[in-house]
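Remarks on the structure that follows.
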Amino acid sequence: MPVDLDNSSTASGEASVSSSGNQSQPPKPTAKKKRNLPGMPDPDAEVIALSPKTLMATNRFVCEICNKGFQRDQNLQLHRRGHNLPWKLRQRSSKEVKKRVYVCPEPSCVHHDPSRALGDLTGIKKHFCRKHGEKKWKCDKCSKKYAVQSDWKAHSKICGTREYKCDCGTLFSRRDSFITHRAFCDALAEESARAQTQNQALVNPNKESDPNNQAVDSSPPAPPPAPAQPQPQAQAPPAPPRPTGVMSSVLPNKNPELPENPPQILEEAPATTGLNGSCSSTTSSSGNGSTSCSVFASLFASSTASASMQTPQTPAFTDLIRAMAPPDPPTDLARPSSTESISLCLSTNPGSSMFGNAGQERRQYTAPPQPAMSATALLQKAAQMGAAATNASFLRGFGIVSSTSSSGQQDGLHWSQRQVEPENSSVAAGLGLGHCDGGSGLKELMMGTPSVFGPKQTTLDFLGLGMAAGGSPSSGLSALITSIGSGLDVAAAAAAAASYGGAEFSGKDIGRNS
Amino acid sequence: MMQFTEAPPHPLHHMTSFSNLTMNKSHLRRTRPWPGFPTSKSLGSLGDANCMEQLLVHCANAIESNDATLAQQILWVLNNTAPPDGDSNQRLTCGFLRALIARAARSGSCKMLAAMANAHSHLAMDTHKFSVIELASFVDLTPWHRFGFTAANATILEAVEGYAVIHIVDLSLTHCMQIPTLIDAIANRHEVPPLVKLTVASAIEDVPPKLDLSYEELGSKLVNFARSKNVRMEFRVSPSSYKDGFANLIEQLRVQHLVYAESGEALVINCHMMLHYIPEETLVAIPCTNSSPYPFEYSSTTSSFRTIFLKALRSLDPTIVILVDEDADLTSNSVQCRLRSAFNYLWIPYDTMDTFLPRGSKQRQWYEADICWKIENVIAQEGLQRVERLETKSQWVQRMRNADFRGISFGEDAISEVKTMLDEHAAGWGLKKEDEDLVLTWKGHNVVFATAWVPA
């Protein structure tokens, strides 16, 4: 079992004490350090409440030579050095410097509460500006306003770029659309794969000196319209510490000194901790390190998968992922206590670029599906089925069933042609009613007078009443009925498919007439 | 034990007799008072939608009373009135017509139709399987989903300010389509981006839109994308389904909650048009406490999975819960009520369609097939198979309050971003602020609501 975090760090020969130094060991839950996270500060930290004025003052410490203002005395002192003025840096006390956190001056804000104080001065300042400040930076192009100058600058860079082009050739007029497409497009996967192989050759030498470089190294060249912002690692102030202990996903990809973790350990870690512990495997290929592939089975990972994840070959990765898939189908719901799941936990590790290609083959467009079968087609099918034996027409197929209730198909097939015709025309009359305005027939039909729509009504009665209801002296209506009737006559006389066309024609005819 | 108190019944629920159909309120609601917006091309009068709706209800009645003769007559009439390539109301009616045929076939009242449906039982399954790129451009066509994405992202961004670890649980119908823009926003906002953990539930394959990519592959793309933005991200699939109120997922979150709660990890629950699939009260009561997949105290004999889920969610003390869903009530046990309700809601996607999809396009077929799937599910299915169980905003608000959540307002940023987004779409779309919530409207009718919640 892995023991102490710091020990493992030194054992691996990493001199750096950066926050992401010790990723290779699955930490124990007990080893979780108190972290001073912005928003959830260490209770021991000194809580600083600045007035809005002080907070927004940019130049509390002013250089007497050039009048440049600084937020911190320390910075001013460093600046004074440039003028060859006497300077003095406050010495760090031998004891650990007390962590400071800052609350938002706005009383109604959640960050006004010391328990939600933010960890750095810049952070609280930006927060205060964004949330409670005046938006005085206005984009000339789109009039969008910003309270923080840097937000405005970032926006200005991309505003007005009305066109975004993905490397796959697709054009987008909106950033959101572009971003969403970009995330899933194979072009990104290919690009990052390329970028990583290049970067690896270039950057490997400093890898061991500063594992933090990873983040920068592995980020691909920024796509022109949406530049990725490299982290300012070098000048990063006492950055909010990252929770490296629990879930590290930044891993030095080449580190020969790093003791290979035997797979057993990897399996044990989550098993023994039960809930916690990120389980990492490092596999450096001995020679060049370019195929290094690290997989983190995090807290979430099913512990049994760890051993197989050792395989260093990149192309096999997708398969691994598939292999990691939970053994039981998702529909299996009877697993109350199951915490099995899969975790893909990759971040800035260059070795994992093959991920992007995982879906390539499947990405092909699937064959265009059959258009949804329409209701018409359904009915037609029904009619065909019912009438198949005698090749009766579509209309007859329907007339049959409706007039013989549910007594079965055979009876229906004996329905004769001449019975069909009057019936159909009267149905058409009802149909016509539906389309003349709501005034006369429609109302009555639609109101569903029991005598019309009563469940026990026979077909012919229904239709007769329908006719009666529609028998208004409107010439337009009768013309309509005639036209429909004739359309249906044609339909009834023709054979199945053709007759259907006729019926549809009459339907359209109605539309035009009304 | 808290029981869900039902919102006042829909006025339509009382409309069971035929005699006063013309007095129906829906007359008023069907009037779409938007001069300059032609709704109907060939059969232009406003009466048409009403007429079709009522024919459909008659037909449903006939089917329910096993009157095959009448049912088939009306089907025949409707079939001629509502061609599948007609105007938006005709196509809407056609969708319902199909659904009624399927219902008739299932209920066995029309033998011929039953035989036919058996022979073509796959018909309901003709929804398109999207490639991930297709789906991305598909959801991008209309504010239907983008509205929720935009409002949610802005609110999430604000809620997680200052956290170094953000755990996003994405319970979304759209297969993570919201996530790239969220990652992008996180990356742009923070100099040192936080660690993003993304958890999704795996078992939603049976509901459209369907994706032809496994979630593992989808996740690897997202992780890769996040890396390109310098955001560290972990992706995790939890084999969990709405059918039991995501019991498995909740259990996993509960275990993690014990570990991470005090470590300063923000827990974001993003529910995008997904919670309405969880069985609610009108579905038969959960058998009994013992067999419930929820292992602990949330279960009680009278609660539905929907109630249990929300209470379990509350116990996780999430930093923020975003609930976005379609604003309609499709939970009634009466098929006629559901039909009316669905008809008076689903005209909207048909009506909007002409503004963003050309006739005859492939995407339009996919789009319509997905709506038809929904109609058929509401009309033809019953019991556990009927999964489209939408509830209105007020019903959800009540549920959330009962689960001890407190609604919070959407910020100025969220509202202005939604407005900007809507400007990119047709003029009929609008934004309405109701209490704390945002509502997407089409020609003044509520379409989708977005609400944000914190533990009370």
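In what follows, every heavy atom counts, from backbone to side chain, and hydrogens, waters and symmetry copies are set aside.
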Can you tell me which of B:A266, B:A136, B:S416, B:P180 forms the most heavy-atom pairs within a distance under 4.5 Å of chain A?
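Result: the option with the highest number of such pairs is B:P180.
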Return yes if a side-chain donor-acceptor contact under 3.5 Å exists between B:H128 and B:Q365, otherwise no.
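There is no such pair (donor and acceptor under 3.5 Å, judged by atom type) between the side chains of B:H128 and B:Q365.
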So, B:D212 versus B:S131: side-chain donor-acceptor pair below 3.5 Å or not?
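Judged by distance alone, the side chains do not pair up.
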Counterpart residues, side-chain hydrogen bond (donor to acceptor under 3.5 Å, both in side chains), relative to B:E158 (two or more places apart):
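By the side-chain hydrogen bond (donor to acceptor under 3.5 Å, both in side chains) rule, B:E158 matches no residue at all.
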Let me know if B:R146 has heavy atoms under 4.5 Å from chain A in its side chain, its backbone, both or neither.
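Only the side chain of B:R146 comes within 4.5 Å of chain A.
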Is it the backbone or the side chain of B:T181 that comes under 4.5 Å from a heavy atom of chain A, or both, or neither?
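For B:T181, the contact with chain A is made by backbone and side chain together.
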Who pairs with B:P194 by side-chain contact (heavy atoms from CB on, under 4.5 Å), at least two apart in sequence or on another chain?
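With sequence neighbours excluded, B:P194 shows a side-chain contact (heavy atoms from CB on, under 4.5 Å) to B:I166, B:I186, B:H190, given in chain and number order.
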